[in-house]
Amino acid sequence: MKDLDRKPITNSHWGTYWVEAENGEPTGLTPFEHDPDPSPIGPGMVETRRDALRITRPAVRRSWLEGGPGTAGARRGSEEFVEVTWDEVNRLIADELQRVRRDHGNKAIYAGSYGWASAGRFHHAQGQLKRFLNLVGGFTSSVNTYSFAAAEVIVPHVLGDFRSFLDRMTSWESIAEHCDLFVAFGGVPLKNGQITQGGTGAHVQKAGVLAAHAGGTRFVNVSPLRADFLDRVEADWLALRPSTDAALMLGLAHVILSEGLHDRAFLERYTVGFERFAAYLTGETDGVAKTADWAAAITDIPADTIRDLARRMARGRTMISVAYALTRQDHGEQPYWAAITLAAMLGQIGLQGGGVGFGYSAMNHTGLNRRQVPYAAFPQGQNPVPDYIPVARVTDMLENPGGTVEYNGRTLTYPDVRLVWWAGGNPFHHHQDLNRLRRAWAKPETIIVNEWCWNSLARHADIVLPCTTPLERDDIAMSPKDPFITMMDKVGEPVGEARDDHEIFRGIAAAMGVEEAFTEGRSAGEWLRWLYDLSRQAAARGRIELPTLDELRREGWHRVPAPEKQTVMMEAFRADPEARPLKTPSGRIEIFSETIAGFGYDDCPGHPAWIEPLEWLGKAGAGDALHMISNQPKTKLHSQIDHGSLSRADRVAGREPVLMNPEDAAKRGLSEGQIVRLFNARGATLAGLRISDEIRPGVIQIATGAWYEPAGETCVHGNPNTLTPDKGTSKLAQGPIAHSCLVEVEAAGDVPPVTIGVAPPVIVRGG
Ligand SMILES: Nc1nc2c(c(=O)[nH]1)N[C@H]1C(S)=C(S)[C@@H](COP(=O)(O)OP(=O)(O)OC[C@H]3O[C@@H](n4cnc5c(=O)[nH]c(N)nc54)[C@H](O)[C@@H]3O)O[C@H]1N2
Ligand SMILES: Nc1nc2c(c(=O)[nH]1)N[C@H]1C(S)=C(S)[C@@H](COP(=O)(O)OP(=O)(O)OC[C@H]3O[C@@H](n4cnc5c(=O)[nH]c(N)nc54)[C@H](O)[C@@H]3O)O[C@H]1N2
Ligand SMILES: [Mo]
């Protein structure tokens with residue numbers, strides 16, 4: 001930013017920082033002065049810019065280059081690459097796209113391309129990819145997320161919408177002032193509040209929890225992990241068996257119903273179907289009463305504790321908070337439906353500080369009181385291909401062309417995918433059962449990846465297109481989830497021949513004769529101005545005044561003032577359900593859904609229910625198996641910057657740490673710091689052992705994010721997704737179920753070294 005007389009600034013999913021630079025080279029990040037609780041993840045952005053794992057030139061897998069599309073797909077991940085020029089690679093891709101379209105049609109291109117990429121509004125890798133492909137006939141796409149697919153599908157049946165509620169969770173201030181009891185299924189682990197998708201200005205989650213504590217709110221941490229709450233707030237710890245939350249909620253509901261503590265007037269006025277649910281709860285329909293004793297046997301929480309908690313919940317103002325993690329388990333639809341039902345029985349939905357909340361555990365913006373600004377997005381155009389898959393069914397799709405899958409009342413047919421394109425996400429991070437994915441990944445004829453570093457995804461591609469990092473391009477972070485708008489300044493030149501994703505697609509568009517349609521004649525800088533000016537006009541229509549782009553550039557950032565009123569989820573519906581009905585068929589909260597019942601799914605009935613998960617500690621024949629929780633990492637965002645020093649400093653014997661209760665370690669003769677092998681029928685991973693009574697017996701915890709480095713069926717680095725099952729939550733949502741996973745653990749013996757962090761794959765120059 002040569003023409004600026006201020007320091008350069010940047011924003012990211014994990015926070016805002018001023019950038020130190022010398023001679024056009026970024027040298028460090030200084031936390032933003034308006035951030036009371038900055039994240040240490042940021043500095044990795046500088047550190048990894050020029051390290052040995054940076055991809056500096058376009059590269060093509062040798063067999064693919066020599067033998068053409070479809071050659072030796074099984075060698076993906078273990079073969080060397082050949083560097084080529086941008087002109088060559090653009091031609092190769094243009095020809096290959098033409099071939100696939102001509103011979104198989106556009107639906108043979110899969111560009112679901114799920115993932116988080118950068119926080120910038122313009123340099124959004126997936127948006128760029130999709131706009132480009134839409135101009136050349138489209139692609140098979142994906143729907144929903146890995147974060148909370150089960151909720152995204154079930155909650156609209158129950159509350160009429162999901163996303164709009166997510167952006168309007170009851171504020172921390174409202175909780176601090178009004179909430180007596182905050183019951184957190186999945187806790188509120190502050191590690192996760194480092195993040196907001198699309199950029200973070202000030203981190204407020206910790207202050208929110210502490211203010212509520214100071215205001216007299218009591219917390220209950222329902223989680224196998226004690227660390228899911230800050231010690232200081234002295235939360236009661238209910239260390240349930242993982243994947244049993246729905247049973248615990250039913251047990252609570254049964255106590256509330258049988259003791260007459262439910263709010264009849266609320267159920268009558270605002271809900272439908274309670275009687276059908278009550279008949280299930282009391283056992284009238286299936287002969288099993290879902291009593292506290294019944295729930296105790298499933299969850300391993302004493303029946304008296306359940307009864308006591310139910311009474312406390314009915315006594316005062318209660319917030320029922322559910323972590324996104326609860327959806328990433330088998331039948332992950334049920335805990336969300338059960339939580340909404342429980343909150344409806346307490347009758348506090350729409351009141352200050354009470355009701356139900358989604359994702360206080362998950363991100364900084366949940367509970368952050370702010371105005372919703374409808375910022376403009378980079379236009380992607382229309383996809384002419386109607387085919388799509390539920391996002392986590394990617395391996396099924398690759399394995400099973402022409403096969404079908406049930407999804408939310410529809411039957412979808414899997415396309416015969418020949419070409420896969422990923423930009424801004426990492427399936428070798430996010431997908432379950434990675435050994436199975438790797439086998440299916442050998443099938444397509446061509447795999448193209450835009451990446452900036454040689455991570456597991458880039459190594460498993462045929463064509464690798466090197467992209468810039470945020471510090472190497474101008475962008476703006478402006479997200480309705482955060483009150484700050486921030487410039488993301490270009491500080492250094494792109495490393496090697498790396499290009500912005502937009503520039504990458506512009507080059508291929510030129511080779512295919514659609515450059516003008518792709519750019520509409522605008523440069524990147526002109527697009528930025530266009531996006532900002534549109535956003536400013538949209539804000540003005542909502543009476544929010546934003547600075548001009550030139551003013552924003554001068555200061556570097558702007559804060560949209562907070563609304564005077566505290567946000568309370570579903571307040572308007574509560575105030576006037578006739579005038580402000582929900583978008584459900586009945587206009588009310590659907591405790592029984594005729595729509596879902598009408599689908600006739602054996603794994604998702606018409607009301608919330610306990611359905612035994614695929615894998616859990618109560619599974620018949622589970623024996624000594626341990627339940628593995630693979631939650632979000634404290635030291636990074638997913639797999640991003642796993643090769644940086646913050647992430648590496650947290651390793652045990654060079655592997656991802658795994659947490660185990662002393663009882664389980666003693667039983668297996670394992671000791672602190674040793675390398676252990678986690679394994680099941682799907683695969684294995686090596687991890688470094690940490691022993692702690694902060695985790696309940698029978699459960700181990702290993703964060704996601706270690707780059708997948710397979711040696712046979714074993715990841716030598718500690719990626720938990722070699723172990724997790726790849727099955728849908730149910731026929732309704734088909735979401736991922738990473739958290740329902742049993743494993744065995746033993747001492748590892750002789751182990752291979754980890755090399756993914758140090759050695760780039762062999763690159764032969766010249767092409
Ligand atoms: N076992 C288990 N698995 C899980 C989860 C779990 O709890 N347990 N959680 C799931 C959840 S909630 C999620 S959201 C997913 C996350 O999965 P992903 O979002 O796929 O993970 P990331 O590592 O963030 O991947 C982003 C990729 O984009 C790249 N990138 C960054 N900036 C740019 C850019 O400007 N351009 C391009 N082209 N690329 C860029 C990064 O290098 C990185 O490889 O994981 C899921 N997987
Ligand atoms: N630092 C950091 N923060 C992140 C991310 C990151 O990668 N790094 N990722 C972001 C993303 S994409 C998302 S979607 C959110 C996810 O947000 P969450 O889904 O809330 O995050 P997790 O850490 O996976 O899970 C929260 C806690 O739930 C507990 N848990 C697991 N299984 C069960 C269960 O069966 N029952 C109960 N009661 N508790 C259980 C675990 O102990 C875990 O610590 O986090 C976001 N925040
Ligand atoms: Mo996520």
Side-chain angles (χ1 to χ4, degrees), residues 13-14 39 41 113-120 123-126 128-129 145-149 184-197 221-228 238-245 248 299 322-329 332 335 359-364 366 392 422-432 449-453 455-458 465-470 473 475 500-501 504 613 616 627-642 695 699 701-705 707 719-721 723-724 736 738-741:
H13 303 299
W14 45 86
S39 162
I41 296 175
S113 190
Y114 179 81
W116 268 58
S118 152
H123 293 290
H124 180 247
Q126 289 161 33
Q128 299 286 347
L129 168 65
T145 62
Y146 278 77
S147 307
F148 40 48
F185 294 85
V188 182
L190 296 183
K191 66 179 175 65
N192 290 351
Q194 293 176 93
I195 306 300
T196 286
Q197 189 165 34
N221 177 24
V222 185
S223 169
L225 268 191
R226 208 172 119 97
D228 281 343
L238 302 194
L240 88 173
R241 284 170 162 171
S243 295
T244 66
D245 300 81
L248 181 56
T299 60
V322 276
Y324 295 168
L326 268 57
T327 67
R328 299 197 299 280
Q329 52 177 258
Y360 287 103
S361 65
M363 286 189 223
N364 186 58
T366 312
W422 231 286
N426 180 359
F428 285 94
H429 165 76
H430 61 237
H431 196 59
Q432 283 57 67
V449 162
N450 299 22
E451 261 296 348
W452 62 274
C453 55
N455 61 9
S456 341
L457 173 66
L465 304 174
C467 67
T468 52
T469 67
R473 60 201 185 203
D475 210 339
D500 302 343
D501 292 288
I504 290 174
W616 67 301
H627 194 121
M628 182 183 80
I629 294 297
S630 49
N631 57 355
Q632 308 295 332
K634 183 176 185 177
T635 56
K636 57 191 167 267
L637 175 65
H638 314 135
S639 69
Q640 298 191 45
I641 330 187
D642 180 47
I695 187 160
V699 180
Q701 175 267 334
I702 176 169
T704 59
W707 285 3
N719 187 313
N721 276 329
L723 300 158
T724 49
H739 281 318
S740 297
C741 178

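Numbering of ligands and ligand atoms starts at 1, following listing order. The first residue in the sequence is number 1, and the count goes up from there.
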Requested in this report: For N450, counting its heavy atoms only, list the atoms of ligand 1 lying under 4.0 Å from any of them.
Outcome: 37 (C), 38 (N), 39 (N)
Query raised in the report: Ignoring hydrogens and geometry, is there a side-chain-to-backbone donor-acceptor pair from K191 to P633 under 3.5 Å?
Result: no
Query raised in the report: Taking the side chain from Q126 and the backbone from G115, do they hold a donor-acceptor pair closer than 3.5 Å?
Result: yes
Query raised in the report: Looking at F185, Y360, F148, which one forms a ring-ring contact (aromatic ring centres under 6.0 Å, His included) with Y324?
Result: F148
Query - ligand 1 contacted by L457 (non-hydrogen, < 4.0 Å) - result: no
Query raised in the report: Hey, which atoms in ligand 1 end up nearer than 4.0 Å to a heavy atom of N721?
Result: 1 (N), 2 (C), 3 (N)
Query raised in the report: What do you reckon, does H431 put a non-hydrogen atom under 4.0 Å from ligand 1?
Result: no
Report task. Using a strict cut-off of 4.0 Å, indicate which atoms of ligand 1 neighbour a heavy atom of D501. Result -> 34 (C), 35 (O), 36 (N), 37 (C), 38 (N)
Requested in this report: Could you tell me which atoms of ligand 1, counted from 1 in the order shown, lie closer than 4.0 angstrom to a heavy atom of N426?
Outcome: 20 (O), 25 (O), 44 (O)
Report each N/O pair between ligand 2 and the protein that falls under 3.5 Å, naming both atoms.
unit_1: ligand 2; atom_1: 1 (N); unit_2: K191; atom_2: O; d: 3.0
unit_1: ligand 2; atom_1: 1 (N); unit_2: Q194; atom_2: NE2; d: 3.3
unit_1: ligand 2; atom_1: 1 (N); unit_2: P633; atom_2: O; d: 2.8
unit_1: ligand 2; atom_1: 7 (O); unit_2: Q632; atom_2: OE1; d: 3.2
unit_1: ligand 2; atom_1: 7 (O); unit_2: H638; atom_2: N; d: 2.8
unit_1: ligand 2; atom_1: 8 (N); unit_2: P633; atom_2: O; d: 2.9
unit_1: ligand 2; atom_1: 8 (N); unit_2: K636; atom_2: O; d: 2.8
unit_1: ligand 2; atom_1: 9 (N); unit_2: Q632; atom_2: OE1; d: 3.1
unit_1: ligand 2; atom_1: 9 (N); unit_2: H638; atom_2: NE2; d: 3.3
unit_1: ligand 2; atom_1: 19 (O); unit_2: A325; atom_2: N; d: 2.7
unit_1: ligand 2; atom_1: 19 (O); unit_2: R328; atom_2: NH1; d: 3.1
unit_1: ligand 2; atom_1: 19 (O); unit_2: R328; atom_2: NH2; d: 3.1
unit_1: ligand 2; atom_1: 20 (O); unit_2: S361; atom_2: OG; d: 2.5
unit_1: ligand 2; atom_1: 21 (O); unit_2: N192; atom_2: ND2; d: 2.8
unit_1: ligand 2; atom_1: 23 (O); unit_2: K191; atom_2: NZ; d: 2.6
unit_1: ligand 2; atom_1: 23 (O); unit_2: N192; atom_2: ND2; d: 3.2
unit_1: ligand 2; atom_1: 23 (O); unit_2: Q632; atom_2: N; d: 3.2
unit_1: ligand 2; atom_1: 24 (O); unit_2: R328; atom_2: NH2; d: 2.7
unit_1: ligand 2; atom_1: 35 (O); unit_2: S243; atom_2: N; d: 2.7
unit_1: ligand 2; atom_1: 35 (O); unit_2: D245; atom_2: OD1; d: 3.3
unit_1: ligand 2; atom_1: 35 (O); unit_2: Q329; atom_2: NE2; d: 3.1
unit_1: ligand 2; atom_1: 36 (N); unit_2: D245; atom_2: OD1; d: 2.7
unit_1: ligand 2; atom_1: 36 (N); unit_2: D245; atom_2: OD2; d: 3.3
unit_1: ligand 2; atom_1: 38 (N); unit_2: G186; atom_2: N; d: 3.3
unit_1: ligand 2; atom_1: 38 (N); unit_2: V222; atom_2: O; d: 2.8
unit_1: ligand 2; atom_1: 38 (N); unit_2: D245; atom_2: OD2; d: 2.7
unit_1: ligand 2; atom_1: 42 (O); unit_2: S223; atom_2: OG; d: 3.4
unit_1: ligand 2; atom_1: 42 (O); unit_2: D228; atom_2: OD2; d: 2.6
unit_1: ligand 2; atom_1: 44 (O); unit_2: D228; atom_2: OD1; d: 2.7
unit_1: ligand 2; atom_1: 44 (O); unit_2: D228; atom_2: OD2; d: 3.0
unit_1: ligand 2; atom_1: 44 (O); unit_2: N631; atom_2: ND2; d: 3.0
unit_1: ligand 2; atom_1: 45 (O); unit_2: A362; atom_2: O; d: 3.2
unit_1: ligand 2; atom_1: 47 (N); unit_2: N192; atom_2: O; d: 3.2
unit_1: ligand 2; atom_1: 47 (N); unit_2: A362; atom_2: O; d: 3.1

Report summary line: Smallest heavy-atom separation, G187 atom then S361 atom, equals O-CB, 3.3 Å
Requested in this report: Give the numbers and elements of all ligand 1 atoms closer than 4.0 Å to a heavy atom of R473.
Outcome: 35 (O)
Query raised in the report: Any sub-3.5 Å donor-acceptor pair from H13's side-chain atoms to A117's backbone N or O?
Result: yes
Report task. Answer yes when R473 and D500 have at least one side-chain N-carboxylate O distance shorter than 4.0 Å, and no when they do not. Result -> no
Query raised in the report: Numbering the atoms of ligand 1 from 1, which are under 4.0 Å from a heavy atom of N455?
Result: 44 (O)
Requested in this report: State which residues pass side chain to side chain donor-acceptor pair (under 3.5 Å) with S243; sequence neighbours excluded, sorted by chain then number.
Outcome: S740
Report summary line: Of all heavy-atom pairs linking W616 and R241, the shortest is CZ3-NH1, 3.9 Å
Report task. Below 4.0 angstrom from a heavy atom of C467, which ligand 1 atoms are there? Numbered from 1 as shown, please. Result -> 36 (N), 37 (C), 38 (N)
Report task. Would you check the N or O atoms of T724, main chain and side chain alike, for any that come under 3.5 Å of an N or O of ligand 1? Result -> no
Query raised in the report: For ligand 1, which atoms, with element, lie under 4.0 Å from some heavy atom of E451?
Result: 27 (C), 28 (O), 29 (C), 41 (C), 42 (O), 43 (C), 44 (O)
Report summary line: Nearest heavy-atom contact between A738 and T724 is O-CG2, 3.5 Å
Query raised in the report: Measuring from Q640:CD to H429:NE2, what's the distance to the nearest 0.5 Å?
Result: 9.0 Å
Query raised in the report: Would the H638 and W116 ring centres measure less than 6.0 Å apart?
Result: yes
